[in-house]
There are 2 protein chains.
Amino acid sequence: MVEDVVRTLGFLCLGSRLRRIGERLQADTQQVIDEAGLGIQAGQYPFLAAIDRAGPLTIGELAQAVGITQPGATRTIGQLLELGFVDMQPAPDDQRRRLVSLSDKGRELVDHSKATIWPRVAAAVADLCGDLDGPILEQLAAIEDGLAALPLLRRSTVTGPHALSAAQ
Amino acid sequence: MVEDVVRTLGFLCLGSRLRRIGERLQADTQQVIDEAGLGIQAGQYPFLAAIDRAGPLTIGELAQAVGITQPGATRTIGQLLELGFVDMQPAPDDQRRRLVSLSDKGRELVDHSKATIWPRVAAAVADLCGDLDGPILEQLAAIEDGLAALPLLRRSTVTGPHALSAAQ
DNA sequence: GCTAGATATATAACATGTTATATAACGTTC
DNA sequence: GAACGTTATATAACATGTTATATATCTAGC
């Protein structure tokens with residue numbers, strides 16, 4: 001059996017580890033969605049949820065709401081357009097901006113998801129996290145806030161001389 | 001200010017959220033590595049660490065050690081070969097398998113990193129996680145083990161009839 | 001000994017994040 | 001009013017994960 005070094009190395013590999021767990025959770029969530037035959041990607045749901053909650057949003061606002069860069073949001077909204085779940089029109093007061101809203105089909109999908117899949121996924125993940133020794137969601141919020149407040153580069157608690165000179 | 005729906009939706013978007021935090025942590029780690037001028041990607045370090053700890057490993061073993069699929073490991077090892085940090089030769093007893101080992105240059109990088117960058121990154125991340133209300137590393141281990149033991153699809157604590165029929 | 005199934009890796013194609021850059025539109029200043 | 005800086009989005013290119021498939025090698029069974 002091969003040692004899981006990402007797990008073993010703990011804080012050193014926390015970034016890789018969080019991504020890994022995130023991908024597995026997204027893959028598992030995708031299975032639940034596929035079983036329901038909804039024809040949507042797990043990563044697309046947060047966009048629909050954002051519009052559902054806030055009404056029509058611009059590409060930039062959607063990028064912020066979901067926490068990715070603007071080109072990433074542009075691509076995913078393009079996919080949702082092709083799938084017919086959203087509509088897009090230029091903002092009346094500023095033609096640079098485009099407003100993305102739910103189409104009838106998207107509205108239907110969101111209403112259905114809120115009634116069925118979303119509670120199912122949320123409950124399954126809550127079950128997975130049920131025995132954890134701490135409030136994982138708050139802890140993740142603290143990590144995100146902590147990174148925003150003070151990036152790693154500015155955190156250094158290593159005592160002694162810093163070997164910042166370049167290797168070889 | 002736009003609402004962060006991934007944060008707001010909690011367990012429903014945990015997968016996206018973990019990926020997001022993981023990417024940010026990797027990006028921050030990359031900044032620390034770049035400042036040290038080491039010419040390596042944060043995602044490549046676990047491969048070197050695995051070989052450092054266990055000696056020469058096959059592609060398949062490296063994929064397992066780092067927790068990604070075999071084609072992903074093949075690609076990253078290819079990059080480390082080009083950078084000159086690893087060597088590769090066919091296993092003497094089975095020509096299907098290739099054994100990846102640290103080159104002299106790779107050995108030098110790992111020894112240097114263990115003395116400088118790795119403690120620095122680990123300390124910075126430990127600092128970031130210092131005020132958390134629970135042992136995050138153990139919690140992540142519990143999540144990974146929980147997912148492996150029982151995928152989301154088989155977790156369902158929602159009471160009442162399951163709306164598994166396909167939407168529209 | 002030969003064949004078929006299994007195993008290990010490489011490659012292709014795809015998905016989804018990123019950074020860099022181009023283009024269009026807006027607003028402020030002169 | 002024109003020009004320049006800023007803002008918003010689209011597109012290109014890249015990075016890195018995935019699944020699917022191809023190729024090479026090994027082993028067990030007949």
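In what follows, chains are A, B, ... by sequence order, proteins preceding strands, each numbered from 1.
- Both A/E23 and A/R98 lie near DNA chain D, and the one whose nearest nucleotide falls closer to the 5' end is A/R98.
- Within 4.0 Å of A/Q30, counting heavy atoms only, lies no atom of the nucleic acid at all.
- Residue-environment remark: CG (B/D133) stays at or below the threshold of 12 foreign heavy atoms within 6.0 Å.
- A/Q70 places no side-chain N or O within 3.5 Å of a backbone atom of A/G60 that could act as its donor or acceptor partner.
- Although no hydrogens or angles enter the test, the distance criterion places a donor-acceptor pair under 3.5 Å between the side chain of A/R20 and the main chain of B/V66.
- With hydrogens and angles disregarded, no donor-acceptor distance shorter than 3.5 Å links the side chain of B/R24 to the backbone of A/E144.
- Under a 3.5 Å cut-off, the side chain of B/R17 and the backbone N or O of B/F11 do not form any donor-acceptor pair.
- With a cutoff of under 4.0 Å to any heavy atom of chain B, the contacted region of DNA chain C is bounded 5' to 3' by C/dA6 to C/dG17.
- For A/D28 (side chain) and B/P151 (main-chain N/O), no donor-acceptor pair under 3.5 Å exists by modelled atom type.
- The backbone N or O of B/G134 sits less than 3.5 Å from a side-chain atom of A/Q139, completing a donor-acceptor pair.
- Put simply, the side chain of B/E23 never gets that close to the backbone of A/G15: no donor and acceptor are under 3.5 Å apart.
- Note that the two end axes of the helix from C/dG1-D/dC30 to C/dC30-D/dG1 enclose an angle of 10°, each drawn from 5 base pairs, rounded to 10 degrees.
- Within a heavy-atom distance below 4.0 Å of DNA chain C, the residues of residues 55-73 of chain A found are A/I68, A/T69, A/P71, A/G72.
- A donor-acceptor contact shorter than 3.5 Å is absent between the side chain of B/E82 and the backbone of B/Q79.
- When the nearest nucleotides of DNA chain C are assigned to B/D94 and B/R75 by heavy-atom distance, the more 5′-ward of the two goes with B/D94.
- The main-chain N or O of A/F85 is found under 3.5 Å from a side-chain atom of A/S103 such that the two form a donor-acceptor pair.
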